[in-house]
Peer 1: 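Quick one: the structure is below, and I'll ask about it shortly.
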Amino acid sequence: MKYDYKKVEAKWQKIWDEEKTFHAEIDHSKPKFYGLVEFPYPSAAGLHVGHPRSYTAMDTICRKKRLEGYNVLYPMGWDAFGLPTENFAMKNHIHPEIVTKNNVARFKSQLKSLGLSFDWDREINTTDPKYYKWTQWIFLQLYKHGLAYKKETNVNYCTGCKVVLANEEVVNGVCERCGSPVVHKVKSQWMLKITEYANKLIDGLEGLDYIERVATQQKNWIGRSYGAEVNFGTTTGDTLTVYTTRCDTLFGATYMVVSPEHKLVDEWIAQGKLKNVAEVQAYREAAARKSDFERTELNKEKTGVQLDGVMGINPVNEQEIPIFISDYVLATYGTGAIMAVPAHDTRDWEFAKKFGLPIIEVVQGKDPSNLEKEAFTDVATGTLVNSGFITGLSVKDAQAKMIAWLEESGKGCAKVNYKLRDWVFSRQRYWGEPIPMVYCEKCGWQPLPEDQLPLVLPDITDFEPGENGESPLARHTDWVNTTCPCCGGPAKRETDTMPQWAGSSWYFLRYMDPHNDKELASKEALEYWSPVDWYNGGMEHTTLHLLYSRFWHKFLYDIGVVTTPEPYAKRTSHGMILGLNPHSFVNLPENEQKALVEEYGSEEAAKKHLVEKYGEMADHPVVKMSKSLGNVVNPDDVVDEYGADTMRLYEMFIGDFEKAAPWNTSSIKGCKRFLDRIWALGDKIVDGEGYRPQLVALFHRTIKKVGEDIESLKANTAIAQLMTLVNALYDNGGATRDELRTLLILMNPLAPHITEEMWEQAGFEGQIAHTQWPVYEEAKCVESTVEIAVLVNGKVRARFNVDANIEAADAIAQAKAQEAVAAAIAGKTIAKEIYVPGKLVNLAVKG
RNA sequence: GCCGCUGUGGCGGAACAGGCAGACGCAAGGGACUUAAAAUCCCUCGGUGGCAACACCGUACCGGUUCGAUCCCGGUCAGCGGCACCA
């Protein structure tokens, strides 16, 4: 009988739903396992084939863990606030709440059609006031602990859309959507002091099971560097403090640079100390006007203006050196001022060359004359020269001695700096959590009392941002006008909302206790389920979502709300699912390829033509799926044509889980065939108990390999092993009931519907979901006889079968007795004999 | 520029921890069944030479260590990702 996947899959999905098969409750008698995948943003486009890669992998792990006796929490929800929904709402004149509701319904039915074992009783939605009440509550705690503050900052303002954009919406200095130039505007914004946690966020990575590229990317993003602050004097009697990681080169400082925004420049202008005020002001204005695009331009020529009238004084030798302003020094890092050592810093070297400044060598490399060509920056090999009391030391020793001297003399101190900036937390948008703050002329900013949470979004219909990029909420004065929680006088609500990252920064906590209206989650639930045992998600979330949520969690830990210092014990990441580029030469149908080659003379010319026609991307046969290329694969279509189990299997079989992989429609057929072959085994039951002797080792090996591979995100090789097993069963005329039983359990985490159906039809007890994972015996994994390859000088000359437990000497003797081997070694001296148990004999011969 | 990763058949990819390279699957070619197609089943499938047994070459490239290297070491080239004037 043919396998009717539509009927069978619908049947089991209904059973799982009705019986709440995957509902999790606290149960202290079992070990717990909390598996987490990133909850999706429910976009209007619906599910993408990329989503199920992560979901299926974790589903497979969770299903296997349940069979192994774990109490598994595998939840799902919706990260539903955000710009695309709001834009869709504006364009189509539908309230974002309705848009969200529709999109969520679509996503949910799509996910259910894949048979993912989520506990739907714990479903959450970040736009639900019952949920965002606690997002707002966490913000208030941050505020009360001095970690939320309001500050004038530069924001990105799109001149076309007349709205403020988030950093992520600015691509190459222009608006992601309309392509208009983005300029900077100063706006007062809520900020979160993530920098206060910079150290903890780096050090906390120690001892966590994060894949390395995630950990290093986070470290680089936080960008901790160890150095020193050095106080330079000036001829005006001021102190100009610089930050440097190379205090060993202090004797080589030949000038100083301050950022255009540096405060001392304002003071010197005000005090009339500068002789070239006009020139300096012009440079500062030009720098301020520069767009992001100009700032990020590669190979930019260094520019700058000397501050005429002031000189810096080097504390180590009292030498007077000039001071410049230049935009290659950033106002936001370190002290916004540097000492320049052109001999040993590439940027300083370029600047010095351009402005004709002296270059003094203080760290000697192999070839001092090379300093005319480039700076010498190698820290590992240099020795200090021309450097007073540190001459002759290695760089490392010189730094230690210099810091000691600076601290002793009060001219500086050791200092740690970070690249990480505070988190801009305001968005001038409607579809986000309202920031629960009130402004009173008399009392200043006041937090909303906690008993007034949630502060619900007003029901409005005009979502267009105001002129000057003000939040649409600002127009709704009946909502904006309120009373001051402090003095009771008239006050105004904050009209900015939170960024999309807010709701996702703590959602994994809510899953533990999703319906609690007293606290974000009960202590009992937090203690039982924390931490998340395994969190899988995209690499694109490494530096924002993952870091933000670790920050919030660490804060909640510090104030005693949560019970573990880190939210996620383990973090892995999947590669993207890509599509074939229909414009790439190699993906064209053969006849079109031929036609093009004929038309343009050669394959090269044809490819060149395609690049001219479609842009550089035509050179890449595999690209991101996109609507414009028409290579988007809809999971619904795949489920409809092949079934959910085939879809799941293909998602797992497609390739190395951590790497990007192209979706290949014809490869899906292989997975479908495999399931059909398993289905047909149901009619090929042979007599016999347990595993037949010739299959014992294969079964034990398969149980071992499938278990291990699923657990290490190598389901592709687990499936390959299961295919091998099924092929072997066919070679042996079918399966015994016990063999079928084991096969079905092993396949169940990967293909749950077909296996439950076969289980039921074969008359096995209950459901696979309630049975146990099979055990293997290491001793039974090996065959009793093995094939030994005989190599002579690394070349295979013969093979023979022997008992697996053969002694080395016997194996070597038998190897030499092989006809082809005897011929190959005849008349030669054997220099060495190696026996690798159960595998090979290698004879090294001479002469 | 800095940091990280990757290079294996026509394709996706295997190969424990230095031990027979190419598991498993796709595509392709040949055959069986069929009025025919689909489906299914069988065979071939890294390259070169040979009717064949077989021989030689082969894991981006050059070199090293080793009885033995896709794997370890040194160098070169190519591709991908992240950060990007962070002092």
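First the proteins, then the strands, lettered A, B, ... as listed; each starts at 1. Excluded from the calculations below are hydrogen atoms, water molecules and symmetry mates; all remaining heavy atoms, backbone and side chain alike, are included. All figures in this text were calculated on a predicted structure; none of them were measured in a lab.
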Peer 1: If you look at every strand shown and take non-hydrogen atoms under 4.0 Å, does A/Glu787 touch a base, only sugar-phosphate, or nothing?
Peer 2: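 A/Glu787: base contact, heavy atoms under 4.0 Å.
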Peer 1: Think A/Asn664 has a side-chain N or O under 4.0 angstrom from the OP1 or OP2 of B/rA27?
Peer 2: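 For A/Asn664, the contact criterion (side-chain N or O under 4.0 Å from OP1 or OP2 of B/rA27) is not met.
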Peer 1: Both distances below 3.5 Å, Watson-Crick or wobble geometry, any strand: find the nucleotide opposite B/rG13.
Peer 2: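 Its partner is none (no Watson-Crick or G-U wobble pair with both distances under 3.5 Å).
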Peer 1: How long is the line joining NE2 of A/His545 and P of B/rG82, in whole Å?
Peer 2: 18 Å
Peer 1: Does a salt bridge link A/Glu708 with A/Lys714, judged by any charged N lying under 4.0 Å from a carboxylate O?
Peer 2: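 Not counted as a salt bridge, because no side-chain N and carboxylate O are separated by less than 4.0 Å.
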Peer 1: Across all strands, who's sitting opposite B/rA39 as a Watson-Crick or G-U wobble pair, both distances under 3.5 Å?
Peer 2: none
Peer 1: When the C1' atoms of B/rG46 and B/rA60 are considered, how many whole Å apart are they?
Peer 2: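 Taking atom C1' in both B/rG46 and B/rA60, they lie 16 Å apart.
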Peer 1: I need the CZ-P distance between A/Phe351 and B/rA87, as an integer number of Å.
Peer 2: 18 Å
Peer 1: Salt bridge or not for A/Lys302 and A/Glu350, using N-O below 4.0 Å?
Peer 2: yes
Peer 1: Between B/rG13 atom P and A/Met723 atom CE, what is the distance in whole Å?
Peer 2: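 Computing the A/Met723:CE to B/rG13:P distance gives 15 Å.
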Peer 1: Just checking A/Val341: base, sugar-phosphate only, or nothing, at a heavy-atom cut-off of under 4.0 Å?
Peer 2: nothing
Peer 1: Strictly under 6.0 Å, is that where the ring centroids of A/Phe699 and A/Tyr776 end up?
Peer 2: no
Peer 1: Considering only distance and modelled atom types, tabulate donor-acceptor pairs under 3.5 Å from the side chains of residues 659-669 of chain A, sequence neighbours left out.
Peer 2:
residue: A/Asn664; atom: OD1; partner: A/Ser666; partner atom: N; Å: 3.1
residue: A/Asn664; atom: OD1; partner: A/Ser666; partner atom: OG; Å: 2.9

Peer 1: Rounded to the nearest Å, what distance is computed from the CZ atom of residue A/Arg224 to the C1' atom of nucleotide B/rC83?
Peer 2: 18 Å
Peer 1: Using purine N1 to pyrimidine N3 plus N6-O4 or O6-N4 for Watson-Crick, or N1-O2 and O6-N3 for G-U wobble, both under 3.5 Å, which nucleotide pairs with B/rC51?
Peer 2: none
Peer 1: Where does B/rG9 land, syn or anti, once you apply the within-90°-of-0 test for syn?
Peer 2: syn
Peer 1: Under 4.0 Å, heavy atoms only, any strand: does A/Phe653 hit a base, just the sugar-phosphate, or nothing?
Peer 2: base
Peer 1: Say we look at B/rC71 and B/rU66: how far apart would their P atoms be, to the nearest angstrom?
Peer 2: 16 Å
Peer 1: Pair A/Asn417, A/Tyr226 - check side chain to side chain donor-acceptor pair (under 3.5 Å), show working.
Peer 2: CA-CA 7 Å; A/Asn417 257 319; A/Tyr226 295 95; over 6 Å; no
Peer 1: Measuring to OP1 and OP2 of B/rC3, would you say a side-chain N or O of A/Arg213 lies under 4.0 angstrom away?
Peer 2: no
Peer 1: Does B/rA87 have OP1 or OP2 under 4.0 Å away from a side-chain N or O of A/Ser225?
Peer 2: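 Yes, within the criterion.
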Peer 1: Are OP1 or OP2 of B/rU40 and a side-chain N or O of A/Arg673 less than 4.0 angstrom apart?
Peer 2: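 Answer yes for this pair, as a side-chain N or O of A/Arg673 is under 4.0 Å from OP1 or OP2.
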Peer 1: Given the P atoms of B/rG58 and B/rG63, what is the spacing between them in whole Å?
Peer 2: 11 Å
Peer 1: So what does A/Thr332 hit on the nucleic acid, given a heavy-atom distance under 4.0 Å: a base, only sugar-phosphate, or nothing?
Peer 2: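 No contact.
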Peer 1: Give a yes or no on whether a donor-acceptor pair under 3.5 Å exists between the nucleobase atoms of B/rC16, that is its base, and the side chain of A/Lys704.
Peer 2: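 Side chain to base: no pair below 3.5 Å.
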Peer 1: Using heavy atoms to find the nearest nucleotide of RNA chain B for A/Ile654 and A/Leu330 separately, return the residue whose nucleotide is more 5′.
Peer 2: A/Ile654
Peer 1: Any side-chain N or O of A/Arg701 less than 4.0 Å from the OP1 or OP2 oxygen of B/rA23?
Peer 2: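 Indeed not, no polar side-chain atom of A/Arg701 lies that close.
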Peer 1: Charged N to carboxylate O below 4.0 Å: is that the case for A/Lys353 and A/Glu374?
Peer 2: no
Peer 1: CG of A/Asn727 versus P of B/rA23: gap in Å, rounded?
Peer 2: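 Roughly 13 Å, once rounded to whole Å.
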Peer 1: What's the gap between B/rG4 and B/rU48 when it is taken at their P atoms, as a whole Å value?
Peer 2: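 Comparing P positions in B/rG4 and B/rU48 gives a spacing of 41 Å.
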Peer 1: Say we look at B/rA52 and B/rU59: how far apart would their P atoms be, to the nearest angstrom?
Peer 2: 25 Å
Peer 1: Does the pair A/Glu658/A/Arg213 count as a salt bridge with the N-to-O cut at 4.0 Å?
Peer 2: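 Between A/Arg213 and A/Glu658 there is a salt bridge, with a charged N closer than 4.0 Å to a carboxylate O.
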Peer 1: Remember a base hit wins even if backbone is also touched, and classify A/Lys219 as base, sugar-phosphate or nothing at under 4.0 Å, heavy atoms.
Peer 2: nothing
Peer 1: Return no unless some side-chain N or O of A/Tyr328 is found under 4.0 Å from OP1 or OP2 of B/rA87.
Peer 2: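 Checking B/rA87 against A/Tyr328, no side-chain N or O comes under 4.0 Å of OP1 or OP2.
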Peer 1: Under 4.0 Å, counting only non-hydrogen atoms across every strand here, what does A/Asn716 touch: a base, just sugar-phosphate, or nothing?
Peer 2: sugar-phosphate
Peer 1: Tell me the interatomic distance from A/Ile211, atom CD1, to B/rC5, atom C1', rounded to whole angstroms.
Peer 2: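 From A/Ile211 CD1 to B/rC5 C1': 11 Å.
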Peer 1: Using the C1' atom on both, measure B/rU76 against B/rG31 and round to a whole Å.
Peer 2: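 The same atom, C1', in both gives a distance of 49 Å.
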Peer 1: Heavy atoms only, 4.0 Å cut-off, all strands: where does A/Arg677 land among base, sugar-phosphate and nothing?
Peer 2: sugar-phosphate
Peer 1: Could you identify the nucleotide paired to B/rG1, looking across every strand shown and requiring Watson-Crick or G-U wobble geometry with both distances under 3.5 Å?
Peer 2: B/rC83
Peer 1: Roughly how far apart, to the nearest Å, are B/rG64 and B/rG9 at atom P?
Peer 2: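 One P to the other, the span is 24 Å.
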Peer 1: For the residue pair A/Gln399 and A/Asp248, confirm or rule out a side-chain donor-acceptor distance under 3.5 Å.
Peer 2: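 Side-chain D/A pair, A/Gln399 to A/Asp248: present.
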Peer 1: Classify A/Ala720 by what it touches in the nucleic acid, base, sugar-phosphate, or nothing, heavy-atom distance under 4.0 Å.
Peer 2: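 Result for A/Ala720 = base.
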Peer 1: For A/Leu840 and B/rG18, give me the distance from atom CG to atom C1', rounded to whole Å.
Peer 2: 11 Å
Peer 1: Does B/rA78 pair with anything, Watson-Crick or G-U wobble, both distances under 3.5 Å, and if so, with which nucleotide?
Peer 2: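 Across all strands, the one nucleotide that pairs with B/rA78 is B/rU6.
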Peer 1: For A/Asn220 and B/rG1, give me the distance from atom CG to atom C1', rounded to whole Å.
Peer 2: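 Distance, rounded to whole Å: 14 Å.
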Peer 1: What distance, rounded to whole Å, do you find between the two P atoms, one in B/rC83 and one in B/rG75?
Peer 2: 28 Å
Peer 1: Heavy atoms under 4.0 Å, any strand shown: does A/Ala660 hit a base, just sugar-phosphate, or nothing?
Peer 2: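 Sugar-phosphate: the residue A/Ala660, judged by heavy atoms under 4.0 Å, touches backbone atoms but no base.
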Peer 1: At under 4.0 Å between heavy atoms, what does A/Thr216 touch on the DNA or RNA strands: base, sugar-phosphate, or nothing?
Peer 2: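 No contact.
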